[in-house]
Structures are given as C-alpha cells and as structure tokens.
Amino acid sequence: MLHSRLAAALPVQGEPAACQRAAPAARPSLQQQLTAQARCRFNAGSSSSPYLAGGARMQAAVEAASSGRGSRAGPARLPTRMCGIIGVFKHEGDANVEIYEGQLMLQHRGQDSAGMVTTDWRKFYEYKNNGLVKDVFSKQAQLDALKGSVGIGHVRYPTAGTASAQEAQPFFVNSPLGIYLIHNGNLTNTDQLRQLLNSSTSFFNRHLRTDSDSEVLLNVLADEIHRAHQRCLMEDECDPNRKKMDMVFEAGEATMRLLKGAYSCISLIKGVGLVAFRDPHGIRPLVLGKRQGRRGEEWCVASEDCAFGPIGFERVRDVTPGEMIIIDEDGRLISRQVAPCEKLTPCIFEYIYLARPDSVLNDIPVYNFQLGLGTRLAQRIRERGWDIDIVCPVPDGSRPAAIQISAELGLPYREGLVKNRYVGRTFIMPDQRLREMSVRRKLNAMPVVFSGKTVLLIDDSIVRGTTMSQIVDMVRNAGAKKVYLASASPPVRYPNVYGVDMPTRSEFVAHGLSEEEICKVLGADGLIYQDVADLVACGRDLNPAIQDFDDSCFTGKYVTGDINEAYLRNLEEQGRGKRRARPGRKTSLVPPAAAAVEASADRAPAATA
C-alpha cells in the first residue's frame, strides 16, 4: 500500500507534463499507474510515439545508415573473430563442471580468453579473464564460486588491440530483467547500430563500454525487450510479469530484423530462462543436445556437438536459422521461428579448418567432408602427372584429406612433420611476427622421412602463406628432393567478414597472384588448389538440403548482401592488416641486433690483401 501511495505521489522523471498531472481521484494499483503512463507516453498524438514501433523505426534508421544516408560507409572497428559458446541447463547440482569441460572441448575455437556465468535464478555468478580455459579456471575455488544449475561459457579468439579482460564474454545488462549474453560471429552493421543505440532512436541512450559487437548485440536485444514491455503495459489484459517469455520472443523477432551479419548466441535472462538463437542464414553453427536427468530432461547448446560427449549429452539437432529457443526455469523447451529462414548457407570454412573433425554441423559430419575433399583433390593431382614418393599432411587439420589422397593415389602415407602440442595455433595468433616465429617452434621436419624423397605436402588451407613457406623450407632442409603442395581448399582471396580472422585482402598469399606465382612465393616445386565447385559439391553430397554455402573468402560473394567495396576498403584502411608483413615472407630467427651487424658486414667492402 505504501508503495502504491509513493508511486502515485512522486512525479516520473522525463515524463510529459500531461502524464504527470493525470493522477486519478481514486488511488489505482501500481500496475494501473504504469499502464496509464505507458499509454500517455506512447499515444498516437505524443511526440514519443515512434518508440512504440521500436524495431521498425530502428530498422529504417539502420537501413538508411547502412546505405550511406545516415553514416559513413563501412565499419570503423575490427570485426570479432571466431569464438566458442556453450550453455547448460540442469535440474539439480551445479553446472560449472559441465560448462568447464565443454569449454575445453571448444578451446580450438578461441585461445585468448574464457568466461563463465551461472545462476540459481536468484543471483548470477560470473568469472572471466584472459588465457586458456585451464588457466582462467586454474583454482578450484574459482569454479566452486560459480554456483547454480544453469550457466553459459565462452572462449574467445584473439584480436589485436583487445587484450583487456573487459572484452571477454559474457556481457551483461541489468535492465530489463538482467541479461547475460555470449556470441559467436560478427555483425556487419555494428557502427550503425552503435550510433543508433547512443541516439534518441534507442529506447534509452545506451552507453557501451567496449568496442565489441557482442555488447552492441546484447543492448539491441535489451532495447527491444524494453519496447515489448511497454507495448504490453498498453494492453488491458497484459501483465508483463506473466508475459516475459512472449516479450523475449517478440524482442528476438525485432532484433533479427535489425542485425546484419553472422550471430549464434546463448543468453541467460532472469525470470525467463536459457535462450539460444541463430541468424537467419545459419552462417555460424549452433547445436542442441539433450540428456535424461533424475528429474527430467536436461539441455545443452553449443557451437559444436563435440562438446556433448564428455558431459553425457547427445546431439538432438542444429538450431534452425532464424529460430529462438527458450529453456525455462523448469526445463521446458519452447521454440519459435522469430525470423524467416532466408536459406541455410553455413560458412564452408568451418568444415575445412575451424571445426573439429568429430563434430557434425548442419547434419554434415566434418570428418566425412574432409575425406571428400581428399577424394576430389586426388583426381586433380593425378591429372598433373607428378612423380611423387610420399604423401605427408601438415598436422593436424589436413590428416583426413591426406589419408584419402594417399589411398586414392596408391602412395605411401607418412607423418614427417612432428608437432609440438604446447605451442598455440599460429593462424589465430594476433601478431604476424609472432605467428611467423612460432612456426619453427610448432613443427619439426624428420630427415628420416624426407631425405631423398619427392614429397607431396597436404594442407587444409593456405591463407597467408606464412606457415607454408616456412614448412617448405624445413622439408627441403630435411633432405627432400622436391616439394609439391596441395591445398584441400581453394585459394583464399577475400576477407571473411562473418567472424574469421581474415580482415584484409592484402594479407592473403593468393591476393593478385596466379597459381604459378603463388607457388614461387611459397618456394615449392608445384602447387594445386581445390576447386570451388568441388568444395561445395562435398557439402551437397553429405546434405542435399543445403544447396549453397557461404564461400565468400574464395568467391567474394557475401550471403547477407550488405558487403560492398567501400566496406572492404574501409577494413583495409583501418584494420590491423595494414600493420602486417607481406604474406609468405620468411622471418629471420636471428636476433635483431645480430641481424643488423650481419647486414652491415654484408654491405662493407671486402678487405684488400
């Protein structure tokens, strides 16, 4: 009663004067007051009425900004990189161990930072920091403090200029409801969304603490839940406390109309449940798993189903593009198609390089896909007529393709490159020089395998050429007579703007070069690439329902339809690629001071007798 009296007596900050004076003679309930305020604020004659349209107005503004009428072309920020996400719902017991084990299984998707948040639906418990999963959660007390039977976990791909643990996920907003969110992918209209969130177009002028597009995505979703809440208040029979799930679905629909790019997300929303959703193109993967608990079905959602096995979950299906799933506090799973599935066009680079071979994405087993690459590539190698002694993979991702090529060609398969498993993946190291220097620590060539042999090296992809040029040199130094190269993927010539670390065209060893010129840069005796048509055919053979993939890094065709030359040029001008060395260049292992002395000696005139 006191609450109601105070609410009736106090003016509402920021309300139109008419709204503040409209106090009825009889004291209404707090719910009736809120309803009256919402109607006054959003009535057709009010200057604030555009807020009621919410996403519709935002969508028009975003489209205007994206087309150049409301903002500059292209982004002024670096895109987010590949990440791994997992969410776990249990009926009893803490979920922290299952999330931790799942993060370990997804570690290949990001090595820069790790974070986890759990809840008992009364309170959230969070911890995140830079480093590998095992290092971030190195103390038992850190895991023990993450209480609750529901939670989400994230591993992040490293990026230059974002070393702060502040940008580690999950991200949080306390209003409405209290929302944590983790995200894999990259938004391509982040700048336009950020500008609008900071303007009067937003329900509130939202302050963003980081440069992360994931924080932008979270705030867009929160903004739309606020709008759905206000629309509910305007209806006589709508109680927002009982309509929270409907409001989230409504907000999900509006959010997907606003976002451009790739996003697979998992969220914890207090009073609603565990929420998962995927962009209408299905570019980044998201898989649903289930197990039977003592008190009913328990659920897991993750980037890849390889995370399910160690924690006892079984794959159910992929999350459909444009679908939002809510697992409520009682464990009931409710699904709604909040955006039309444009056409399932998953990123084909997931199957080549990013995903683990023991994963099944979009009903395509990654391992079988890679075997198919080997079968098709073997035919092209046969047509070259090379005289080859042995087939050798570049560990680890090329093994399935190399094994299949060896079988198809009837050639010995040999493991001539020994990998140091305590060195990170060079492709996802944030600095070019560190990446180049790391190659020789990562791999060692065995003379007993290569000496006197003509070698066919198989790699899953040749992106910058940094690793491959070093490997060719190592194999020659180990005694190989000739070194031929075969790439299981086509030449990478265009940036992947949907969440893979390929921001600029100038980084690629294939940029502006023919196959023969690339071969010369890499120092090989011969080079062959997979054909794009064969690459796509491998996927279609395994899942005929998918007719097209996002193969933009090979073809320059972007499935979202919003990427133009201005966008790509802006990436090159402001992205970190401008600071990188020319791809394919070998890095000296001589310390800089010694190298300078040697260079000076080389330039000095020879002494006379």
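We find that D112 and R156 are joined by a salt bridge, their nearest charged nitrogen and carboxylate oxygen being less than 4.0 Å apart. In summary, K243 and E250 do not engage in a salt bridge, as defined by a charged side-chain N under 4.0 Å from a carboxylate O. Residues D396 and R356 are not paired through a salt bridge, judged by the lack of any N-O separation under 4.0 Å between the basic side chain and the carboxylate. Ion pair D144/K147 not flagged as a salt bridge, since none of the NZ, NE, NH1 or NH2 atoms sits closer than 4.0 Å to an Asp/Glu carboxylate oxygen. Salt bridge D330/R295: absent, no basic N to carboxylate O contact under 4.0 Å. Look at R109 and E350 and you find a salt bridge, because one of the NZ, NE, NH1 or NH2 atoms lies within 4.0 Å of a carboxylate O, short of that distance. At a threshold of 4.0 Å, the pair E235-R231 does not count as salt-bridged, since none of the basic side-chain nitrogens sits closer than that to a carboxylate oxygen. Between R294 and E92, at least one side-chain N (NZ, or NE/NH1/NH2) sits under 4.0 Å from a carboxylate O, which counts as a salt bridge. Between R317 and E323, at least one side-chain N (NZ, or NE/NH1/NH2) sits under 4.0 Å from a carboxylate O, which counts as a salt bridge.
Side-chain contact between L193 and L259 is present, with heavy atoms from C-beta onward closer than 4.5 Å. Two residues are said to be in side-chain contact when any heavy atoms from C-beta on lie closer than 4.5 Å; L274 and I152 meet this criterion. For the pair M105 and P310, the minimum side-chain heavy-atom distance is below 4.5 Å. For the pair Q111 and V155, the minimum side-chain heavy-atom distance is 4.5 Å or more. Counting only heavy atoms from C-beta outward, the side chains of S138 and Q142 approach each other to under 4.5 Å.
Rounding to the nearest 0.5 Å gives a distance of 11.0 Å between CD1 of I283 and CG of N184. Distance CD1/I348 to OG/S552: 10.5 Å, rounded to 0.5 Å. For the atom pair D328 CG and K244 NZ, the distance stands at 12.5 Å (nearest 0.5 Å). To the nearest 0.5 Å, the span separating CG on D94 from OG1 on T118 amounts to 7.0 Å. Taking CD of E329 as the reference point, atom CH2 of W121 lies at 5.0 Å (rounded to 0.5 Å).
The two residues C306 and S359 make their nearest non-hydrogen contact at CB-OG, 3.3 Å. Pairing each heavy atom of F549 with each of V559, the nearest pair is O-CG1, 4.4 Å. The shortest heavy-atom contact between I86 and A307 is CD1-CB, 4.2 Å. Annotation for V248 and M324: closest pair O-SD, 3.8 Å, computed over non-hydrogen atoms. Heavy atoms only, all atoms of each residue included: Q370 and P357 are closest at OE1-CB, 4.1 Å.
Ring geometry for F308 versus F313: interplanar angle of 30 to 60°, hence tilted. Relative orientation of the Y351 and F369 rings is tilted, given thresholds of 30° and 60° on the angle between their planes.
At distances below 3.5 Å, not a single donor-acceptor pair connects side-chain atoms of T190 with backbone N or O atoms of D213. Side-chain N or O atoms of D279 include one that pairs as donor or acceptor with a backbone N or O of H281 at under 3.5 Å. When atom types are taken as modelled, the side chain of D550 and the backbone of P346 share no donor-acceptor pair closer than 3.5 angstrom.
A cation-pi arrangement is present between K128 and F171 under the rule of less than 6.0 angstrom and at most 45 degrees off the ring axis.
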### Task
Using the salt bridge (Lys or Arg N to Asp or Glu O under 4.0 Å) rule, take E298 and K90 through it: C-alpha gap first, then chi angles, then the decisive distance, then the call.
CA-CA 5 Å; E298 300 180 333; K90 298 171 59 178; over 6 Å; no

### Query
Does the side chain to side chain contact (heavy atoms under 4.5 Å, CB included) test come out yes or no for L361 and V366, once each step is laid out?
CA-CA 7 Å; L361 306 180; V366 175; 4.3 Å; yes

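Screening S214, S212, S113 against Q169 for a side-chain hydrogen bond (donor to acceptor under 3.5 Å, both in side chains) leaves a single residue, S214.
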